[in-house]
Amino acid sequence: MNFINFMRKRFNLALVTAFTLSLGLLPSASAAWEFWEPLTYYNPSTWQKADNYSNGSMFNCTWRAANAGFTNSGQLELKITSPSYNKFDCGEYRSTNKYGYGKYEVSMKPAKNVGIVSSFFTYTGPSDGTPWDEIDIEFLGKDTTKVQFNYFTNGVGGHEKVVDLGFDASQGFHTYAFDWQPGHIKWYLDGVLKHTATTDIPTNPGKIMMNLWNGTGVDDWLGRYDGKNPLAAYYDWVKYTSN
């Protein structure tokens, strides 16, 4: 990204921030508002980096804050690295606030390699004192010509839908989105509707999350991770628009 484009992103962020603040002064509590994040730098007031723990089970790595950084061209970079033989570190970035019904969008470029996942999703669960609700956009690195959509309601998943993209997502940025409403979830690719779910839809607001990780014990899903590193997924911007 050149300097002009970088400043344009910063200027647009300022406009959106001012607009959001002005909406907070409106008397109508039902007015829609927008949160747009250009992902050019770390802002600890709105985002957190997972650090120094592991989710265990199928996650074959430890979250490290150092594995969530920013490129000179102005994108969030999540990495898988190896500090020692057969030990792996990975990256996760999540919002400090929770968000409810509305449209969630991301411009991203997933990592390509067998045994890994690049994701964009919303999540809340027992660690937040709520049931486990989650809405997913996931790229399995073994085949980045496809994307997987899924969701969990009170810990119950099994709603996977794999969609052919018509291109290799690891080769460039595209916009992926889901519109979450009380009666449905609709997933989009570059503005085109690709899948709709209408059964047992999640209800609990969640954090916006992005992560990159390597799996273990789930070879039938991800393929067997071959230890290749470093690997990186890139995120250019994130946007949430409330109802």
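These numbers come from a predicted model, not from an experiment.
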Inset, instruction - Classify the ring geometry between H159 and Y151 as parallel (under 30°), tilted (30 to 60°) or perpendicular (over 60°). - result: parallel

Legend entry - Contact list for residues 106-141, test disulfide (SG to SG under 2.5 Å), sequence neighbours left out: none

Inset, instruction - Would you check, one step at a time, whether the test side chain to side chain contact (heavy atoms under 4.5 Å, CB included) holds for K98 with D128? - result: CA-CA 10 Å; K98 293 180 181 179; D128 299 316; 3.3 Å; yes

Inset, instruction - Just jot down the side chain to side chain contact (heavy atoms under 4.5 Å, CB included) partners of K142, sequence neighbours excluded, or say none. - result: V114, L140

Inset, instruction - State whether the side chain of T153 and the backbone N or O of D200 hold a donor-acceptor pair below 3.5 Å, judged by distance alone. - result: yes

Legend entry - Shortest non-hydrogen contact between Y42 and P44, atoms and distance: O-CD, 3.5 Å

Legend entry - Rounded distance [0.5 Å steps], CD in Q75 versus CG in D236: 4.5 Å

Inset, instruction - State, yes or no, whether a side-chain contact exists between F121 and I137 at a heavy-atom distance under 4.5 Å. - result: no

Inset, instruction - Give a yes-or-no answer on whether the side chains of N97 and S95 include a donor-acceptor pair shorter than 3.5 Å. - result: no

Inset, instruction - Identify the two heavy atoms, one from T144 and one from S170, that lie closest to each other, and give their separation to 0.1 Å. - result: OG1-OG, 3.5 Å

Inset, instruction - Kindly compute the distance separating NE2 (H195) from CD (E160), expressed to the nearest 0.5 Å. - result: 10.0 Å

Inset, instruction - Grab the two heavy atoms, one from A169 and one from P110, that are nearest each other, plus how far apart they are. - result: O-CD, 3.3 Å

Legend entry - disulfide (SG to SG under 2.5 Å): pairs with one or both residues in residues 38-76, sequence neighbours excluded: C61-C90

Legend entry - Verdict with reasoning, T203 to I201, per side chain to side chain contact (heavy atoms under 4.5 Å, CB included): CA-CA 7 Å; T203 59; I201 301 303; over 6 Å; no

Legend entry - F35 six-ring face occupied by K239 cation (under 6.0 Å, within 45°): no

Inset, instruction - Check whether Y53 and V117 end up in the same hydrophobic cluster, where Ile, Leu, Val, Met, Phe, Trp and Tyr are linked by side-chain heavy atoms less than 4.5 Å apart. - result: yes

Legend entry - Side-chain (D164) to main-chain (G166) donor-acceptor, under 3.5 angstrom: no

Inset, instruction - Output the distance between atom OG1 (T130) and atom CG (N204), rounded to the nearest 0.5 Å. - result: 5.5 Å

Legend entry - Contacts of N113 that satisfy side chain to side chain contact (heavy atoms under 4.5 Å, CB included) - sequence neighbours left out: I116, Y225, D226, K228, L231

Inset, instruction - Answer whether the closest heavy-atom distance between the side chains of N229 and F88 falls below 4.5 Å. - result: yes

Legend entry - Contact list for residues 196-220, test ring-ring contact (aromatic ring centres under 6.0 Å, His included), sequence neighbours left out: F59-W213

Inset, instruction - Determine whether the aromatic ring centres of Y93 and W47 lie less than 6.0 Å apart. - result: yes

Inset, instruction - Any disulfide (SG to SG under 2.5 Å) involving residues 134-243? Give me the pairs, sequence neighbours left out, ordered by first then second residue. - result: none

Inset, instruction - Could you state whether F178 and Y101 fall into the same hydrophobic cluster, counting links through intermediate Ile, Leu, Val, Met, Phe, Trp or Tyr residues with side-chain heavy atoms under 4.5 angstrom apart? - result: yes

Legend entry - Over all atoms of both residues, closest heavy-atom pair of K49 and A68: NZ-O, 2.9 Å

Inset, instruction - Sequence neighbours left out, what pairs pass side-chain hydrogen bond (donor to acceptor under 3.5 Å, both in side chains) with at least one residue falling in residues 172-186? - result: H174-D190, D179-Q181, Q181-N243

Legend entry - disulfide (SG to SG under 2.5 Å) pairs, two or more places apart, involving residues 185-243: none

Inset, instruction - Run through N52, D51, N55 and flag the one making a side chain to side chain donor-acceptor pair (under 3.5 Å) with W63. - result: N55

Legend entry - Side-chain donor/acceptor of N67 to backbone N/O of K79, under 3.5 Å: yes

Inset, instruction - Could you walk me through whether D136 and F152 pass side chain to side chain contact (heavy atoms under 4.5 Å, CB included), step by step? - result: CA-CA 9 Å; D136 299 307; F152 292 79; 3.7 Å; yes

Legend entry - side chain to side chain contact (heavy atoms under 4.5 Å, CB included) involving V163 - partner list, sequence neighbours excluded: V147, F149, K161, K194

Inset, instruction - Test side chain to side chain contact (heavy atoms under 4.5 Å, CB included) on W237 and T40 and set out the steps. - result: CA-CA 8 Å; W237 53 262; T40 55; over 6 Å; no

Legend entry - T62 and S54 side chains, donor-acceptor separation under 3.5 Å: no

Inset, instruction - Check whether I208 and L212 end up in the same hydrophobic cluster, where Ile, Leu, Val, Met, Phe, Trp and Tyr are linked by side-chain heavy atoms less than 4.5 Å apart. - result: yes

Inset, instruction - Compare all side-chain heavy atoms of F120 with those of M108 and state whether any distance is below 4.5 angstrom. - result: yes

Inset, instruction - Give, for atom OG of S73 and atom OH of Y234, the distance between the pair rounded to the nearest 0.5 Å. - result: 8.5 Å

Legend entry - Y240 ring center within less than 6.0 Å of Y104 ring center: yes

Inset, instruction - Answer whether the closest heavy-atom distance between the side chains of S242 and E34 falls below 4.5 Å. - result: no

Inset, instruction - Apply side chain to side chain contact (heavy atoms under 4.5 Å, CB included) to P126 and list each qualifying residue two or more places apart in sequence or on a separate chain. - result: Y123, W132

Inset, instruction - Would you list the pairs meeting salt bridge (charged side-chain N to carboxylate O under 4.0 Å, His left out) in which at least one residue belongs to residues 106-116, sequence neighbours left out? - result: K112-D168

Legend entry - Any I185 side-chain heavy atom under 4.5 Å of P202 side chain: yes

Legend entry - Side-chain touch L76/L78, heavy atoms, less than 4.5 angstrom: yes

Inset, instruction - Would you mind listing every salt bridge (charged side-chain N to carboxylate O under 4.0 Å, His left out) that reaches into residues 52-70, with sequence neighbours excluded? - result: R64-D89

Legend entry - Exercise: identify the closest heavy-atom pair between L222 and G215: CD1-CA, 3.9 Å

Inset, instruction - Measure the CE-OG distance between M209 and S119 for me, rounded to the nearest 0.5 Å. - result: 8.0 Å

Legend entry - Side-chain donor-acceptor pair present, Q148, E138, cut-off under 3.5 Å: yes

Inset, instruction - Would you mind reporting whether P205 and Y99 have side-chain heavy atoms less than 4.5 Å apart? - result: no

Inset, instruction - Using atom types as modelled and distance alone, determine if a side-chain donor or acceptor of S118 lies under 3.5 Å from a backbone N or O of A111. - result: yes

Inset, instruction - Ignoring hydrogens and angles, tell me if any N or O in the side chain of T71 forms a donor-acceptor pair with the backbone of G74 under 3.5 Å. - result: yes

Inset, instruction - Compare all side-chain heavy atoms of V238 with those of M210 and state whether any distance is below 4.5 angstrom. - result: yes

Inset, instruction - Identify the heavy atoms of V106 and Y235 that sit nearest to each other, and give their distance. - result: CG2-CD2, 3.8 Å

